[in-house]
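Scope of the values below: all heavy atoms of this structure, side chains included, with no hydrogens, waters or symmetry mates. Remember, it's 1-based here, ligands and their atoms both numbered in the order they're listed.
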Amino acid sequence: MNILVTGGAGFIGSNFVFHMLKEHPTYRVVCLDALTYAGNLSTLEPVMENGNFKFVKGDITDRELVEKLFKEEKFDFVVNFAAESHVDRSIEDPGIFLKTNILGTQVLMDASRKYGVKRFHQVSTDEVYGDLPLDRPDLFFTEETPIHTSSPYSASKASADLLVQAYHRTFGLPITISRCSNNYGPYHFPEKLIPLMISRALNDENLPVYGKGENVRDWLYVGDHCTAIDLILHKGKEGEVYNIGGHNEKTNLDVVKAILNELEKPESLITYVKDRAGHDMRYAIDPSKTRKELGWEPTTLFDEGIKETIKWYLDNRSWWENIISGDYKDYYVKMYGDREGEE
Ligand SMILES: Cc1cn([C@H]2C[C@H](O)[C@@H](COP(=O)(O)OP(=O)(O)O[C@H]3O[C@H](CO)[C@@H](O)[C@H](O)[C@H]3O)O2)c(=O)[nH]c1=O
């Protein structure tokens with residue numbers, strides 16, 4: 001099997017590259033990544049010397065480069081992780097989200113059709129379902145929940161999902177789509193809630209919690225997400241959507257407090273700041289289809305997973321310190337540095 005993993009230098013993509021090379025030692029894995037601010041070549045160091053791995057720098061919207069790569073490599077599977085993924089950035093500047101997330105997906109699918117890829121897997125998000133109210137804990141997103149997006153980011157991912165389904169129906173492209181809840185774990189870029197709070201707490205900096213911190217996310221350890229995608233590639237039915245989530249709902253405040261508690265840092269570091277525009281209230285996934293059809297089960301409980309994640313950030317300080325002191329510094333300081341005591 002020859003697999004293309006796009007966005008493989010990012011958080012979930014890199015974890016998936018490691019997973020596939022470990023679990024399928026006979027497979028060849030090619031990573032295509034544009035190395036934007038959130039992609040980091042040093043993340044892939046552990047596999048750079050692996051004979052079954054190849055790294056290609058390039059943008060999924062670059063049709064010429066993509067077509068050439070598909071022609072040379074004759075991929076069996078394509079797994080599309082490449083995306084602009086940060087909601088706050090999409091509120092500031094939606095354009096790049098539409099370009100990468102929608103047009104990039106189209107370019108990849110055109111090449112997949114042309115070169116006879118056996119499966120095109122689109123890595124999507126539970127954010128395409130919009131949000132759920134806090135006072136209805138009985139409600140969960142299923143694969144049948146209507147698409148109803150809030151942010152430019154989620155609208156771009158939902159658009160891509162529709163396009164993927166259209167390519168299946170119109171052109172018979174063999175596709176699958178997975179929609180996962182919030183991930184956490186090693187190599188998570190320090191703009192997302194968990195790695196941002198860990199890195200700032202370690203530096204005794206204020207932790208900007210949006211609004212009242214009551215919003216709920218359904219946290220899943222990244223390794224469990226990788227296992228689910230592996231199962232979908234091998235056992236999932238063509239044309240189907242699979243929800244992935246851990247039934248592990250927590251308020252943002254509880255997550256931040258758990259991090260502070262583990263690091264033995266004071267809760268006085270928490271600073272309540274202006275809420276995110278259009279902020280989704282609650283995400284909660286019903287993963288029963290993925291469980292029943294594919295036998296998938298998440299294996300890492302949040303209490304263990306958050307400890308392991310914090311340990312990883314302590315053991316790999318240079319990985320995130322290089323990021324927050326490098327090109328990303330200005331954005332980091334602007335977004336998270338000066339937000340003391342806003343209401
Ligand atoms: C960065 C940041 C976030 N938050 C809040 C906003 C959200 O309610 C929650 C998590 O925020 P984020 O880490 O940005 O993640 P969220 O918006 O849920 O989206 C994530 O999870 C999605 C899956 O649900 C993925 O599709 C997205 O790519 C990924 O970014 O924490 C804060 O209170 N303070 C912050 O500084």
(request) Would you list the pairs meeting ring-ring contact (aromatic ring centres under 6.0 Å, His included) in which at least one residue belongs to residues 83-134, sequence neighbours left out? (result) Tyr129-Phe141
Could you tell me if the ring centre of [X] sits under 6.0 Å from that of [Y]?
| X | Y | result |
| --- | --- | --- |
| His234 | His24 | yes |
| Trp296 | Tyr242 | no |
| His247 | Phe140 | yes |

(request) May I ask you to check if Arg217 and Tyr184 form a cation-pi contact, with NZ or CZ under 6.0 angstrom from the six-membered ring centre and within 45° of the axis? (result) no
(request) Find out whether the Lys NZ or Arg CZ of Arg28 is both under 6.0 angstrom from the six-membered ring centre of Phe75 and within 45° of the ring's axis. (result) no
(request) Write out the protein residues near ligand 1, meaning a non-hydrogen atom under 4.0 Å from one of its atoms, in order of chain and number. (result) Ser85, His86, Val87, Thr125, Asp126, Glu127, Tyr153, Cys180, Ser181, Asn182, Glu191, Lys192, Leu193, Leu196, Met197, Pro208, Val209, Tyr210, Asn215, Arg217, Asn252, Arg276, His279, Tyr283, Tyr336
